[in-house]
Amino acid sequence: MQDKKIVQNTDEEFDVLVVGSGITGGWAAKEFCEAGLKVLMIERGRLVEHRKDYPTEGKGPWEYPYRTRTDNLLTEQQQSVQQQCYAFNDTTRHFFGNDRDLPYTTEKGTEFSWIRANQLGGKSLLWARQSYRFSDFDFSANARDGHGIDWPIRYKDLAPWYDYVERFAGIAAGQDKLPQLPDSISQPAFELTKPELDFKASLAETFPDRPLVAGRCAHLTQPGKIHMELGRVTCQARNECYRGCSFGAYFSTQSATLPAAARTGNLHIAPNSVVHSLVYDDAKQRVTAVRVIDNDDLSEREYRGKLVFLCASTLGSTQVLLNSVSKTFPDGLANSSGVLGRYLMDHNYNAWASARIPGYEDEYYKGRRPTGFYIPNSHFEPSRYHKDYIRGYALAGGATRGNWQGMSSSDGFGEDFKQRLTQAGPWQVWMGAQGEMLPRADNQVSLHPTKKDKWGIPQLHFNCKWSDNELTMMQYAAEDAANLLKTAGFEDINAQATQSPPGLAIHEVGTARMGVDPKQSILNKYNQSHDVANLFVTDGASFCSSGVVNPSLTFMALTARAAHYAIEELKAGRL
Amino acid sequence: MKNYKAASMDRRSLLKGLGLVLGAHAANTLVSGNGLSVAMAFQQTPEGNRQLQLLTASQLQTLAVIGDLSIPKTDTPGALATDCHWFVDNQLHHCFEPQEQETVVAILDKIQAASVARFGNGFSQTEPARQLSLLNALEQTQQEFSLTDTQAFKLVKSLLVFGYFTSEVGMTKVLAYDPVPGGFKGSVPYASVGKAYSGGFPF
């Protein structure tokens, strides 16, 4: 078995240049390497070696100076944006970007929280691992209600590729047979707790259109040979995934796609290579190279390749395209349509509800489950839309027993107080909404006319906000979630619609969308640029709508499909 | 640091240790509430290479007693032996806003002043039964204590409790410690575990 080769300066022309090493970059590299093509993966950040570079894994809170909390001053100065992410704390902060080096601007009256993970593996190390297929209702929503443009693909186009990536990634999920949530090729689902099972039964009786299923996640619960030969084993239910997992139990670049690519001997990696732009040859009408600035010494170099897969994250990829100007493309590469940067979307997490579940004092669980339960969108087609807003939302949550954290300021002293705090508390249930955001041309990123980052790359300027549709949806989502909990007989119900800006779902999609019409879209139905044949963008930038479900599984399927299309085109001599 | 820790294994020896470390004069100063000079003395002791970040020595003493009364030594060590008072001082300095820091300082001073007014002694020099009666009044918003005081005390207590249950003793000895569960089971009898688990993400 061979290992990856680290590259810095080279004149070699690679078969494929893959920009980025996260979920999509990892998949692209794996598919091309396995097809016998020589691949250079270009990563702006440092190398992170599986197992070796997970410095916080397995450490107890007492081993941290602030018991996993972070130092206020340091956080304020270096990670004031990053710290808004739910996964940010002293055990994970080294996988988040440093905001001082990653400035961006926002239009007056708007906010956007841009979460960054610039290292080998990217956000695949930090993702929440929730994995759901888009359904045909998602792919046809734009066409049916008239918002945005139609996706150029349907479920049947992607279904075999969902199968393909799921077998390799490993998705723990049930077979739930729901029209709005197609089943995955799955490993055994994580069990629901007893109160969750009873909640599910209660919902089935009182709200038949609100099924509750086990949250589907990219964890191995029954690894097969294809997983174990990469060194991946069963999830141990530590739920410390964000620190990196030496068991390789959750899907990341490091655990899965990178070792698969590396063992072919075809994988080359150029770390610390911040992509400035793509070099376009006006005569050949092709991208010929990727221009990078060294992350450390700011020197400039180029990597040459026959084919470019841009997998730099939704906003990263679009920033690179916007900054790649040529005679043919003065407004950004592959931007003859002028829609590059437009139709930015995220998911809306701005509603939640919680309650206390009476009883079940004799019930407990073992382990820390890395997922929860999931109540899929019930407004999945126009005939099912709510009268006051269009599209819909899912509810994700969990029921667990409280501990000392819920009693830490309760009354009492002495042995009784101490004893009480060592016992499991009441059962609590929490659910959060994940709502669809409509594609709107006004929600846009562009290059700032004057401000640049330390690598000399123009900063992204955000103009993105929730529309009334999203705000109204969240008001109802909070009421709805509370109503589900109330009807189930739970007590002490709290519910709230909140006001966080876009960005914090870290599901940013759109800005270089696919489409049938080259005048309205950047990419064709294979994620290939309409304008430049040897350029593909396979990350979230390509989305025509946000859908309701978490996007990463679809990133994987789109990337694998696009890579195999490109391989066939190369073989046929058309690329 | 090591010596101080050894001397603070229980309440009585902590208070005794304080006298040894600070000397009779400083101990008297502490009773009279002159926190600054005590703090200076405290920091200059050869045993202590740790520095107070926010609190005065007097406030630290009050906090130590509150920790000991809240989470005493039983068959497992309590808040004193796990240095929860030192933890709170450090945590407040690094991870909390100035307003929260001031809230804690103010309520510790109020406890001290109330003790002097009620009993003629500083809080840490007072009988445990009297200390408890004072803290109960504070928790119940009675007598000289306002609702704001009660809320401020909740912050103090939650910090001590956080310090205790995120300490190695708290997590591995007091609670059910299961660092590598090996998988997830959705239903087991509570009696088979018998107490709360110590962790989730991030602990």
Side-chain angles (χ1 to χ4, degrees), chain A residues 58 60-63 65-73 87 89-92 190-194 196-197 221 234-243 361-370 400-405 407-415 417-419 421-425, chain B residues 66 69-72 74 76 78-79 87 90-91 94-97 132 135-136 139-140 153-172 174-176 178-203:
Chain A
W62 62 88
E63 297 177 78
Y66 319 117
R67 308 278 171 91
T68 76
R69 302 286 195 263
T70 55
D71 181 273
N72 264 1
L73 190 62
N89 60 49
D90 220 14
T91 76
T92 57
F190 282 93
E191 292 180 6
L192 296 173
T193 59
K194 187 71 167 52
E196 289 170 344
L197 287 169
T221 51
T234 306
C235 176
Q236 304 294 306
R238 296 183 298 173
N239 197 23
E240 296 172 10
C241 320
Y242 305 100
R243 307 182 192 191
E361 288 92 352
D362 299 336
E363 274 291 321
Y364 216 11
Y365 38 80
K366 177 169 170 56
R368 293 177 292 282
R369 187 178 55 184
T400 53
R401 291 194 77 162
N403 64 7
W404 57 269
Q405 291 177 81
M407 303 182 263
S408 64
S409 62
S410 63
D411 288 357
F413 296 94
E415 275 190 51
F417 180 73
K418 182 180 177 184
Q419 171 63 16
L421 263 60
T422 64
Q423 295 298 303
Chain B
I66 295 167
L69 290 169
S70 303
I71 306 175
T74 54
T76 53
F87 163 78
N90 192 56
Q91 193 82 349
H94 287 283
C95 308
F96 285 77
E97 298 299 323
L132 259 181
L135 293 184
N136 274 314
E139 256 186 358
Q140 303 307 319
F153 186 66
K154 281 183 183 295
L155 175 58
V156 172
K157 205 167 178 183
S158 68
L159 282 162
L160 286 163
V161 166
F162 182 90
Y164 183 69
F165 286 107
T166 57
S167 71
E168 188 168 8
V169 163
M171 286 205 80
T172 66
V174 182
L175 298 169
D178 196 7
V180 186
F184 182 76
K185 288 192 182 73
S187 176
V188 302
Y190 182 68
S192 71
V193 184
K195 49 188 178 177
Y197 292 116
S198 56
F201 176 80
F203 43 79

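Naming convention: chains lettered A, B, ... in sequence-line order (proteins, then strands); numbering from 1 in each chain. Note that the structure is a prediction, hence the values are computed from the model and not measured.
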Less than 6.0 angstrom from the centroid, inside 45 degrees of the normal: does B/Lys157 satisfy that with respect to the ring of A/Phe417? yes

Let me know if B/Glu97 has heavy atoms under 4.5 Å from chain A in its side chain, its backbone, both or neither. both

As a test of understanding, state which of A/Gln423, A/Glu361, A/Arg401 forms a side chain to side chain donor-acceptor pair (under 3.5 Å) with B/Tyr190. A/Gln423

Applying salt bridge (Lys or Arg N to Asp or Glu O under 4.0 Å) to B/Asp178 and not counting sequence neighbours gives A/Lys366

Applying a strict 4.5 Å limit to non-hydrogen atoms, the region of B/Leu160 in contact with chain A is neither

Who wins among B/Cys95, B/Gly78, B/Gly170 for the most heavy-atom pairs under 4.5 Å with chain A? B/Cys95

Determine whether more than 12 heavy atoms belonging to other residues, nucleotides or ligands lie under 6.0 Å from atom NZ of B/Lys154. yes

For A/Glu363, what residues pass the side-chain hydrogen bond (donor to acceptor under 3.5 Å, both in side chains) criterion, not counting sequence neighbours? B/Ser187

Given the options A/Pro370, A/Ser410, A/Gly425, A/Gly60, which has more heavy-atom pairs under 4.5 Å with chain B than any of the others? A/Ser410

Could you check whether any side-chain N or O of B/Tyr197 sits under 3.5 Å from a backbone N or O of A/Tyr365, counting only pairs where one atom can act as donor and the other as acceptor? yes

For B/Lys195 versus A/Thr422, what's the shortest heavy-atom pair and its separation? CB-O, 3.3 Å

Which bit of B/Val193 is near chain A, if near means a heavy-atom gap under 4.5 Å: side chain, backbone, both or neither? side chain

With only heavy atoms counted, which part of B/Thr172 is less than 4.5 Å from chain A, the side chain, the backbone, both or neither? side chain

Between B/Pro179 and chain A, which part of the residue has a heavy atom less than 4.5 Å away: side chain, backbone, both or neither? backbone

Minimal non-hydrogen separation, B/Pro181 against A/Ala237, with atom names: CG-O, 3.2 Å

Can you say whether B/Phe153 sits under 4.5 Å from chain A via the side chain, the backbone, both, or neither, judging by heavy atoms? side chain

May I have the step-by-step check of side-chain contact (heavy atoms from CB on, under 4.5 Å) for B/Phe184 and A/Thr193, ending in yes or no? CA-CA 10 Å; B/Phe184 182 76; A/Thr193 59; 4.2 Å; yes

With a 4.5 angstrom heavy-atom cut-off, could you sort out which part of B/Gln91 is near chain A: side chain, backbone, both or neither? side chain

Rounded to the nearest 0.5 Å, what's the gap from OG1 on B/Thr76 to NZ on A/Lys418? Could you check? 3.0 Å

So, is the end of the A/Arg67 side chain (NZ or CZ) under 6.0 Å from the ring centre of B/Phe162 and within 45° of the ring's axis? no

Looking only at heavy atoms and a cut-off of under 4.5 Å, which of B/Asn136, B/Leu159, B/Ile71, B/Leu135 has the most pairs with chain A? B/Leu135

In terms of heavy-atom pairs under 4.5 Å, which option from A/Arg369, A/Met407, A/Lys194 contacts chain B the most? A/Arg369

Of the backbone (N, CA, C, O) and the side chain (C-beta and beyond), which part of A/Leu421 lies under 4.5 Å from a heavy atom of chain B, both, or neither? both

Just how far is it from atom OG of A/Ser409 to atom CD of B/Glu139, taken to the nearest 0.5 Å? 9.0 Å

Identify which of B/Ser167, B/Ser192, B/Gly194, B/Pro189 forms the greatest number of heavy-atom pairs closer than 4.5 Å to chain A. B/Ser167

Please check if atom CD in A/Glu415 has more than 12 non-hydrogen atoms from other residues, nucleotides or ligands closer than 6.0 Å. no

Engaged part of A/Pro65 at the chain B interface, taking heavy atoms whose separation is under 4.5 Å: backbone

CH2-CZ distance between A/Trp404 and B/Phe165, expressed to the nearest 0.5 angstrom: 7.5 Å

Proximity breakdown for A/Asp411 and chain B, heavy-atom pairs closer than 4.5 Å: both

Chain B heavy atoms under 4.5 Å from A/Thr221: which part of the residue, side chain, backbone, both or neither? neither

